[in-house]
There are 2 protein chains.
Amino acid sequence: MHQPLQMISADRAIGVPARARETLFMEGEPCRSVLELRRGLVRAVKFSSEGERQVMALFFPGDVLGLPLAQEHRFTAEAVSDVLYARQSSLEWQTGLSVCNSPGVDSPLRAIWQEEKAFMDRGLILGRGGIMARLAAFLGYVVRRLPIQNEVYDFSLPQGDIASYLATSPETVCRLMRQLRERKIIAMARKDKLEILDAQWLDRLAAGESV
Amino acid sequence: MHQPLQMISADRAIGVPARARETLFMEGEPCRSVLELRRGLVRAVKFSSEGERQVMALFFPGDVLGLPLAQEHRFTAEAVSDVLYARQSSLEWQTGLSVCNSPGVDSPLRAIWQEEKAFMDRGLILGRGGIMARLAAFLGYVVRRLPIQNEVYDFSLPQGDIASYLATSPETVCRLMRQLRERKIIAMARKDKLEILDAQWLDRLAAGESV
DNA sequence: CGATGAATTGAGAAGCGTCAAAGTACGTGG
DNA sequence: CCACGTACTTTGACGCTTCTCAATTCATCG
């Protein structure tokens, strides 16, 4: 199932590869290393006490995840698509904390904030009334973080994950996406290609206007 | 409106008082001090880009909030009830970071994680289907963090705040709370006193069983 | 070329939001 | 001490949104 990675050293620059749906680290596991995502999407997953699975956050190229704020990882990280990432030892990272009391903070604190923000962003999105508002806000959010290639975004994110992230059902996600397509607000030439045709309209939907 | 606080020094031990609904710090304001809550409840509020208000997290006695992960505060902190808190200079706190690379981590990192967790907990609650599940999970959560006095919790939290936290309407919160009272799952002798009569049942509701 | 998981679509029912109005608690000022 | 204003809670009625279930089509991979 999960193809074993060959742990070639000296890929600090290039990055370690992982296949779609592979688990990068698991909740509860001791924090051994910090990951910096280079390519692809990673989802943070948590299981509520009753065992229900939830996508709590998404991480994009450039993001750092798995910071050792506690002894153990606070969530499970899974590759959504095929990814490339770099690893750093947690201890190494922690020693980096000592050197950051300079006023120009571009330090580990920034990384912590960036990781935390991913979770807070979901809260902000889930707080909206109406699933269309959530979806529109979500698309706006994702698009701001996704690498763009001539107007088209690489959107290889299963609708099941979107549904879980938005706390709704896959069917609803599908129907609302179709609406957005029919109204020419977005376009999807392929299932994994996203284009925003009318960003303003999307914003208005995110604001809760039914239009 | 906001009674000016007299900034008596040497209340590091006792704590500074603030009245209900007072703003402790505002989003965007530069991080000057870190707060440690001693008594009462504080809510973290954010305004979505369209100006809609959201309660993103709650802080309980013992919690630390306002950590300078960035230059500016990432949310607005408001006293829900009358509160007592201690202040520490942000710079002082930051220098504390340097001294924490020991393995026994009971350091600033723990405080960061605790603050972040408040936001993540909301995400976990909002992820559930059915508002009753959310409310039940919320009550279970709150109760685990609230100081108890012989079986009865001090629950001075307006339903409007609960509604905002749960991303629902105040009316729905009211109706569901009444259901819980009628089913003898909770009891509220007064509006600000909460008692859990059947914790197991509450858990089942939180798990999504309609029962 | 089948097999597996994801996306799609429809129909029906229930949950929940909205609007409107009245009731309650609490602090403030006369 | 009472009257009033403000903020919060409660309740009802109505209708849309969204979930659930089920069936079909579509993609991807072996």
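Everything quoted here is computed from the prediction, not taken from an experiment. Lettering of chains follows the sequences in order, A, B, ..., and the numbering in each one begins at 1.
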Legend entry - Touch class at under 4.0 angstrom, heavy-atom based, for Gly160(A) against every strand present: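 Sugar-phosphate, backbone atoms only, no base.
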Inset, instruction - Classify the nucleic acid contact of Gly129(B) as base, sugar-phosphate or nothing, counting any heavy atom under 4.0 Å across all strands shown. - result: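 Since no nucleic acid heavy atom lies under 4.0 Å of Gly129(B), the category is nothing.
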Output the rounded distance in Å from [atom1] ([X]) to [atom2] ([N]).
| X | N | atom1 | atom2 | answer |
| --- | --- | --- | --- | --- |
| Met132(B) | dC19(D) | CE | C1' | 18 Å |
| Met188(A) | dC26(D) | CE | P | 17 Å |
| Glu78(B) | dA7(D) | CD | P | 14 Å |
| Leu135(B) | dC16(C) | CG | P | 11 Å |
| Asp161(A) | dG5(C) | CG | P | 16 Å |
| Ile131(A) | dT20(D) | CD1 | P | 11 Å |
| Met177(B) | dT11(D) | CE | C1' | 16 Å |
| Leu176(B) | dT9(D) | CG | C1' | 14 Å |

Phosphate-side-chain proximity, [X] and [N], N/O vs OP1/OP2 below 4.0 Å:
| X | N | value |
| --- | --- | --- |
| Gln159(A) | dT8(C) | yes |
| Thr168(A) | dT18(D) | no |
| Thr172(A) | dT18(D) | no |
| Arg178(A) | dT8(C) | no |
| Arg181(B) | dT10(D) | yes |
| Arg175(B) | dT10(D) | no |

Inset, instruction - Determine the minimum heavy-atom distance between Ile125(A) and Arg134(A), stating which atoms define it. - result: O-CG, 3.3 Å
Of the nucleotides [options], which has the atom closest to the [X] side chain?
| X | options | answer |
| --- | --- | --- |
| Glu171(A) | dC16(C), dT11(D), dT9(C) | dT9(C) |
| Pro158(A) | dC8(D), dT18(D), dA7(C) | dA7(C) |
| Ser169(A) | dA7(C), dC19(D), dC16(C) | dC19(D) |

How about [X] and [Y]: do any of their side-chain heavy atoms sit closer than 4.5 Å?
| X | Y | value |
| --- | --- | --- |
| Leu197(A) | Ile185(A) | no |
| Arg43(B) | Arg21(B) | yes |
| Phe59(A) | Glu115(A) | yes |

Inset, instruction - Determine whether more than 12 heavy atoms belonging to other residues, nucleotides or ligands lie under 6.0 Å from atom CD of Glu151(A). - result: no
Legend entry - Pairwise 5' ranking along DNA chain D for Lys191(B) and Arg190(A), keeping only the more 5' one: Lys191(B)
